[in-house]
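Basis for what follows: all heavy atoms, side chains included, without hydrogens, waters or symmetry-related copies.
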Amino acid sequence: AQTSNSTCMACSPGTFSSVAGSSTCQTCAAGSYSSVGATMCSQCPIGTYSGVAGASSVATCVPCPQGMFSSSSGSASCAPCPLGTYHNDTGSTSASNCKPCPRGQYGIFGVCYACPAGRYYNEHSASAVGTGIFNLVTIMELYCISCPIGYFSTIVGSINSSSCTPCPLGFYSNVTA
């Protein structure tokens, strides 16, 4: 920024000026950073992100957390692994690093969860997911099928309907899990 007609000032860290004769410096966008006197902002590397605008150092670019990835430089956020998948590494650079959740578990936002007691894993549910807005309960209901009425299960992470057993004599169940 110009302070008088005889002095030009260097752009502050986190800002830049790419045009000669500028009267102001522009702020670096989230996903980028700059040092003093920059003519452009540097982008956060692939596998990292920064939600901070006006960042002054690559140190603001942090690795994507487990279950998320960033496949391009200059990311302001990371994307989650696709439904039904996860990964345990930080700094992932691709959705191809995401692995299918183990049998008996379903995945959302890059984290796997065991089917709760009273439900069993449905191997064919992945094709039923399609597109749309889902939440954890909706996904769980797609991947984990309830034991039928009159049956129950105390097994967490069951992989088939054989975990559902009939209610014993003198007991009943009129709801699904």
**Item:** Side-chain donor/acceptor of S34 to backbone N/O of F16, under 3.5 Å
**Value:** no
**Prompt:** In the hydrophobic cluster built from side-chain contacts under 4.5 Å, what are the other members alongside Y33?
**Reply:** V58
**Item:** side chain to side chain donor-acceptor pair (under 3.5 Å) pairs, two or more places apart, involving residues 46-72
**Value:** S70-S75
**Prompt:** Less than 4.5 Å apart, any side-chain heavy atom of F171 and any of L169?
**Reply:** no
**Asked** If we only count heavy atoms from C-beta on, is the Y106 to C144 side-chain gap below 4.5 Å?
**Response** yes
**Complete:** Tested for side-chain contact (heavy atoms from CB on, under 4.5 Å) against F152, the lone hit among P168, S163, S173, P166 is P168
**Message:** Counting neighbours of OH on Y151 that are heavy atoms of other residues, nucleotides or ligands and sit closer than 6.0 Å, is the number greater than 12?
**Reply:** no
**Asked** H87 side chain to C81 main-chain N or O, any donor-acceptor pair under 3.5 Å?
**Response** no
**Prompt:** Side chain of T85, backbone of P82: donor and acceptor closer than 3.5 Å?
**Reply:** yes
**Message:** In the structure I gave you, are the side-chain heavy atoms of S73 and P45 within less than 4.5 Å of one another anywhere?
**Reply:** no
**Request:** Side-chain contact test, heavy atoms from C-beta onward, threshold under 4.5 Å: evaluate it for Y86 versus C101 and give yes or no.
**Result:** yes
**Request:** Mind checking side-chain hydrogen bond (donor to acceptor under 3.5 Å, both in side chains) for S94 and listing every partner two or more places apart, or none if nothing turns up?
**Result:** S96
